[in-house]
Amino acid sequence: MAKAPVLTPQAEDFPRWYQDLLNKAELAENGPVRGTMVIRPYAYAIWERMVSEVDARIKATGAENAYFPLFIPESYLHREAEHVEGFSPELAVVTHAGGKELEEPAVVRPTSETVIGEYMAKWIQSYRDLPLLLNQWSNVVRWELRPRVFLRTSEFLWQEGHTAHATEAEASEYARRILEDVYEDFMVNVLAIPVFTGVKTAAERFAGADDTLACEAMMRDGKALQMGTSHSLGQNFSRVFDISYSDPEGAQQLCWTTSWGVSTRMMGGLIMGHGDDLGLRLPPKVAEVQAVVTVVRDSDGSVTDAARRLEQELCDAGVRARLDDRVDTPFGRRATDWELKGVPVRLELGPRDLEEGQVTVARRDLALDSDGSRNPASKAALPLDGAARAVPGLLEEIQATMLEAATAARDAATVDVDGVAEALEATRSGFARIPWKRLGTEGERELAESAVTVRCLQAEGGGLPASIDDEGVVALVARSY
RNA sequence: CGGGACGUGGCGCAGCCUGGUAGCGCACCUGCUUUGGGAGCAGGGGGUCGCGAGUUCAAAUCUCGCCGUCCCGACCA
């Protein structure tokens, strides 16, 4: 003991802790071009789990996957005034290709409203073609001034949904459904990260949208991270791309469109939302390895045999299990590594356990006490016989406990305030809630001078407000990533 | 793009002030001994000191420029 900590403690330097963790847990690193990132296998496996969970929920709303090109004619971007204005500072533009200058530069997609709009216009003729519900999984490029692995990179992976509807009500209902039934549900129930849902103010709205809905999560340093957004685009894109249909009366009508996305930024949210001084903490549902069976030591092969049987029993019980039988590496080292990587459950089996007919089970979520010291209660002995069958239940419990803990921490760091000064004070360590009527755009600007922004506007009791002009609408303000 | 800190084997650092042929810890390889919370000993491999100019007999060290990283702002999923 009393070794130097593996990671810079969060309280000492949170950004450094994040960097340390990315490296030591073999998650990701910077790419050779500024702002790009390399996602290593352990992190990519987590991303793939996120993708499959989100994808299933998207499909449940009726949307279908498709794929549109990486390159977009520059002229497309220019059709929607606010859209270009918002994106032009961060566009990567291909001017030369095949050894020649291109007649029309091709923009590397920063998002695909424009190309998809062009094709929607082609595919939609009648009200019978509506709604058109599309989604694509892709990479996008937004040249960033201040990149940070996972949180803000010049190229990132995401999902972007694009839909067209006959009526405004249907479009906004769909945008809301994506935010709540897909994003919020996924974040809360899979990532175990509680989110505040709300509407963006005009200042924070997506370029070209009438309305932007968002999920905001709190990181362990009290800063906010926007984890997902869903936009009502009104008829802004329909108008310029001529996305229209004939209604049942034969009259030509413009569609109402939406777009919505979540990205690899969620990886950053997962890391900073749950990670502690020992490393990553993965909710079982996204953990690639849910349980690792560690052979503490072994002289005659009997412990390894038993461990292998245990691993098989875990797999049979539906647990994503792995065997760690590297007995030539010191046990403590391996234990630390699995903690760093956030594996939810460790089953440690040594000669002593075997003799007693038991296995030592350690849960990662409770490894540290609230005061930051090791929590002995995170480890317990279980009878070896039947231990595997207890793990699925334990994983569920861990999933639930992590959500409860994250929710409690967030709520404890969220305070109701009445004025700008109080809000600034509160947002040094968390979120502040202030009546929107009291804050207003004036107050919003004032907060912005201190790098505090309105993350979203919420209904009085939380969640999406019917209208931001409603009495009782609350502004959730924070420092943010 | 403004303000600050920093670039030396994979990672973390010392050396720089007072120029003189590059060092430590961890990691890696080999062997032996170990093993219930980051193992020990012995041996070994790996670096044009971010890049480019300049000063000098001689530059990691001094000067100038550039690039990159991290932090704090303006922008953002």
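So that the names make sense, note that chain A is the first sequence line, chain B the second, and so on, each numbered from 1.
Formation of a donor-acceptor pair under 3.5 Å by the A:Trp17 side chain with backbone atoms of A:Asp276 is found in this model. Remark: the backbone N or O of A:Ala175 is paired with a side-chain donor or acceptor of A:Ser230 at under 3.5 angstrom. A:Arg281 contributes a side-chain N or O that, together with a main-chain N or O of A:His274, makes up a donor-acceptor pair within less than 3.5 Å. Distance alone, capped at 3.5 Å, is enough to place a donor-acceptor pair between the A:His83 side chain and the A:Ala207 backbone. Looking at A:Asp277, its side chain does come within 3.5 Å of a backbone N or O of A:Gln10 through a donor-acceptor pair. One N or O on the side chain of A:Arg152 and one on the backbone of A:Arg146 form a donor-acceptor pair closer than 3.5 Å.
Residue A:Glu422 qualifies as enclosed at atom CD: its count of foreign heavy atoms under 6.0 Å is above 12. Within a 6.0 Å sphere centred on CD of A:Glu64, heavy atoms belonging to other residues, nucleotides or ligands number 12 at most. Atom CZ of A:Arg326 has more than 12 heavy atoms from other residues, nucleotides or ligands within 6.0 Å.
If you take CG of A:Leu7 and P of B:rC26, they are 19 Å apart, rounded to a whole angstrom. Here the P atom of nucleotide B:rA77 and the NE2 atom of A:His162 are 13 Å apart, to the nearest Å. A:Leu91 has its CG atom 13 Å from the P atom of B:rA77, to the nearest Å. Computed from coordinates, the A:Leu145 CG to B:rU69 P distance equals 12 Å when rounded to whole Å. A straight line from NZ of A:Lys341 to C1' of B:rG38 spans 16 Å, rounded to a whole angstrom.
For the C1' atom pair drawn from B:rU55 and B:rC64, the interatomic distance equals 11 Å after rounding to whole Å. Across the P atoms, B:rA39 and B:rA27 are found 8 Å apart, a figure rounded to whole Å. Nucleotides B:rU63 and B:rU56, compared at atom C1', are 12 Å apart to the nearest Å. Taking the C1' atom of each, B:rG7 and B:rC16 are spaced 14 Å apart, rounded to whole Å. B:rG9 and B:rC13 have their C1' atoms separated by 12 Å, given to the nearest Å. Rounded to whole Å, the separation between the C1' atoms of B:rU34 and B:rC17 comes to 46 Å. Rounded to whole Å, the separation between the C1' atoms of B:rG52 and B:rA60 comes to 16 Å. If you take atom P in B:rA53 and the same atom in B:rA59, they sit 13 Å apart, rounded to whole Å.
With distances taken from any side-chain atom of A:Glu144 to the nucleotides B:rG38, B:rG68, B:rA77, the minimum falls on B:rA77. Minimum atom distance to the side chain of A:Arg297 is reached by B:rU35, of the listed B:rA77, B:rG37, B:rU35. Side-chain proximity of A:Arg265 to B:rG36, B:rC71, B:rC76: nearest is B:rC76. Side-chain proximity of A:Asn30 to the nucleotides B:rG37, B:rA77, B:rC70 is greatest for B:rC70. When distances run from any side-chain atom of A:Arg148 to the nucleotides B:rC71, B:rG36, B:rG37, the shortest one goes to B:rC71. Checking B:rG73, B:rA77, B:rG36 against every side-chain atom of A:Val296, the shortest atom distance belongs to B:rG36. Looking at the side chain of A:Ser480, the nearest of the listed nucleotides B:rC72, B:rG68, B:rC76 is B:rC76. Comparing atom distances between the A:Arg146 side chain and each of B:rA74, B:rG37, B:rC76 picks out B:rA74 as nearest.
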Under the side-chain contact (heavy atoms from CB on, under 4.5 Å) rule, what do A:Gln19 and A:Thr8 come out as? Steps first, then yes or no, please. CA-CA 9 Å; A:Gln19 280 296 127; A:Thr8 303; over 6 Å; no
Verdict with supporting geometry, A:Arg308 and A:Asp325, salt bridge (charged side-chain N to carboxylate O under 4.0 Å, His left out): CA-CA 9 Å; A:Arg308 191 167 288 129; A:Asp325 59 355; 3.7 Å; yes
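Contacts between residues 14-29 of chain A and RNA chain B, counted as heavy-atom distances below 4.0 Å, involve A:Pro15, A:Arg16. Across residues 269-294 of chain A, not one residue has a non-hydrogen atom less than 4.0 Å from an atom of RNA chain B.
Across every strand in view, B:rG65 sits in a pair with B:rC51 that passes the Watson-Crick or G-U test at under 3.5 angstrom. Base pairing annotation: B:rC70 forms a Watson-Crick or G-U wobble pair with B:rG4, both donor-acceptor distances under 3.5 Å. Of the nucleotides present, B:rG23 is the one that pairs with B:rC13 by Watson-Crick or G-U wobble criteria, both distances under 3.5 Å. Applying the Watson-Crick and G-U wobble criteria (two distances, each under 3.5 Å), B:rA39 pairs with B:rU33. Remark: B:rC76 base-pairs with no nucleotide; criterion is Watson-Crick or G-U wobble with both hydrogen-bond distances under 3.5 Å. In a base pair of the Watson-Crick type (N1 to N3 plus N6-O4 or O6-N4) or a G-U wobble (N1-O2 and O6-N3), with each distance short of 3.5 Å, B:rU56 is matched with no nucleotide. Across all strands shown, B:rG46 has no partner, as no Watson-Crick or G-U wobble contact with both distances under 3.5 Å is found.
The residue A:Lys379 sits close to a base: some heavy atom pair falls under 4.0 Å. Contact annotation for A:Thr360: base contact, defined as any heavy-atom pair under 4.0 Å involving a base atom. Within 4.0 Å of A:Ala203, counting heavy atoms only, lies no atom of the nucleic acid at all. When heavy atoms are screened at a 4.0 angstrom cut-off, A:Val327 is found touching base atoms of the nucleic acid. Among the heavy atoms of the strands lying under 4.0 Å from A:Thr153 is at least one base atom, whether or not backbone atoms are also near. A:Asp13 comes within 4.0 angstrom of nothing in the nucleic acid, heavy atoms only. Residue contacts shown for A:Gly350 include a base, since a base heavy atom lies under 4.0 Å away.
A donor N or O paired with an acceptor N or O is found under 3.5 Å between the base of B:rG37 and the side-chain atoms of A:Glu339. The base of B:rG37 is paired with the side chain of A:Arg346 by a donor and an acceptor separated by under 3.5 Å. Taking 3.5 Å as the limit, the base of B:rC76 and the side chain of A:Arg152 contain a donor-acceptor pair of atoms between them.
Nearest-nucleotide mapping onto RNA chain B: of A:Val262 and A:Ser450, the residue sitting toward the 5' end is A:Ser450. If you find the closest nucleotide of RNA chain B to A:Val33 and to A:Gly332, the one lying nearer the 5' end belongs to A:Gly332.
Distances shown here put every side-chain N or O of A:Arg326 at or beyond 4.0 Å from the OP1 or OP2 atom of B:rU35. The phosphate of B:rU35 (OP1 or OP2) has no side-chain N or O of A:Arg333 nearer than 4.0 angstrom.
Cation-pi check for A:Arg410 over A:Phe196 is met; the charged atom lies under 6.0 angstrom from the ring centroid and within 45 degrees of its normal.
Just one of A:Asp210, A:Asp211, A:Thr212 meets the side-chain hydrogen bond (donor to acceptor under 3.5 Å, both in side chains) condition when paired with A:His231; it is A:Thr212. Screening A:Arg363, A:Arg333, A:Arg374 for a salt bridge (charged side-chain N to carboxylate O under 4.0 Å, His left out) with A:Glu339, the sole residue that qualifies is A:Arg374.
The aromatic ring of A:Trp158 does not sit over the base of B:rA77, since the test of centres under 5.5 Å and planes under 30° is not met.
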